[in-house]
Amino acid sequence: MIRLEGVTKVFRTRRGDVAALDGVALSIESGHFVAIRGPSGCGKSTLLSLVGGLALPTAGQVVVADRNVSQMTPAERAQFRTENVGFVFQMFHLLPYLSVLDNILVAASPGKRQEALARAEQLLERFQLGDRVTHRPGQLSVGQRQRVAMARALLNQPQLLLADEPTGNLDPETASGLLDLLSEFQQQGGTILLVTHDDRAAARAQRVIQMDRGRILDGQPSG
Ligand code: ADP
Ligand code: MG
C-alpha cells in the first residue's frame, strides 16, 4: 500500500537547510494500522504529507496504492488525494463560517455532489451528528468537531487514512470514541497511518514506528 525508498525531505530556510526526513525506507501493507511516534520536530508530519501527496520528496520514491506520488504533476496529486486519501489533523482544520454539512462537502469531487450529499448524511448519522448538520464548528464540542473532520476524511471512501495527532486536543473519553472510528475504518479494510503521542492511541495499532531526527529507528520490514 505504501512504500518509501531513500526518502529525504530538505526544507531550505533563511537559516540554512533543515533535513526533515533523512533517508527513510518504509513499507506498509494494505489494511494495516500503523502508529508513528517520536519527539517533536523529528519529521512525523512531513512523512504524512509526503505519503498523502501534499508535498514532494527532495530525493527518493514515494509509492502509494501502486502510484508513484513523487512523479505526479500537482493536478495528478490533487486527484490522487481526492480518490485515495483522507486526512485528519489535531486542530481539525474546519472552516468556521461553513455549516457542518458544507465542511464535509468541501471534500466532494466536482460533479459528484449528489452522491457526496447522500454519503455525508449517512456519515453524520453514523457519527451522531445528525442533529448538528446546520451548526457551525464553533457551536460544537471538540469531540464533535473531530468527528466532522473524520466524516470529511471518509467522504470519498478513501483506502488510506492519514491522522496527525487526531486525539491531541481531545479528553480521554472523546479520544477513545475517535479511536473507535479509526478502528472501524480499519475493520472495513482501510489502511491507517496515525501520528500520536498517546499510548492508548498507539495501542490500537498493529505496528509502532519510532522516529528520531528524520529517521526511522526500528525500521521493521514490511508488516
Ligand atoms: P513533527 O511532526 O515530528 O513534529 P515536522 O515534520 O513537522 O516534525 O518537522 C520536521 C522538521 O522539519 C522540523 O525541524 C521542522 O521545523 C522542519 N519543517 C517542517 N516543515 C517545514 C517548512 N515548511 N519549512 C521549514 N522547515 C520545516
Ligand atoms: Mg507534527
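Order of listing sets the numbers, starting from 1, for every ligand and every atom in it.
- Between I104 and F127, every side-chain heavy-atom pair lies at or beyond the 4.5 Å cut-off.
- Among residues at least two apart or in separate chains, there is no salt bridge (Lys or Arg N to Asp or Glu O under 4.0 Å) pair with a member in residues 67-87.
- At least one donor-acceptor pair under 3.5 Å links the side chain of T191 to the backbone N or O of G31.
- With hydrogens and angles ignored, the 3.5 Å screen pairs a side-chain donor or acceptor of K44 with a backbone N or O of P39.
- The environment of R136 atom CZ is dense: over 12 non-hydrogen atoms of other residues, nucleotides or ligands sit within 6.0 angstrom.
- Side-chain contact of D164 with S45: a donor-acceptor pair under 3.5 Å is present, judged by distance alone.
- If you look at ligand 1, the protein residues with a non-hydrogen atom under 4.0 Å away are F11, T13, V18, A20, P39, S40, G41, C42, G43, K44, S45, T46.
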Extract all donor-acceptor atom pairs below 3.5 Å that involve side chains of residues 109-116 and protein atoms in other chains or at least two apart in sequence.
none

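- Residue-environment remark: CG (D131) exceeds the threshold of 12 foreign heavy atoms within 6.0 Å.
- Transitive grouping of hydrophobic side chains (ILVMFWY, heavy atoms separated by less than 4.5 Å) brings L129 and M150 into a common cluster.
- For the Mg ion (ligand 2), the nearby protein N/O/S atoms, meaning those under 2.8 Å, are S45 OG.
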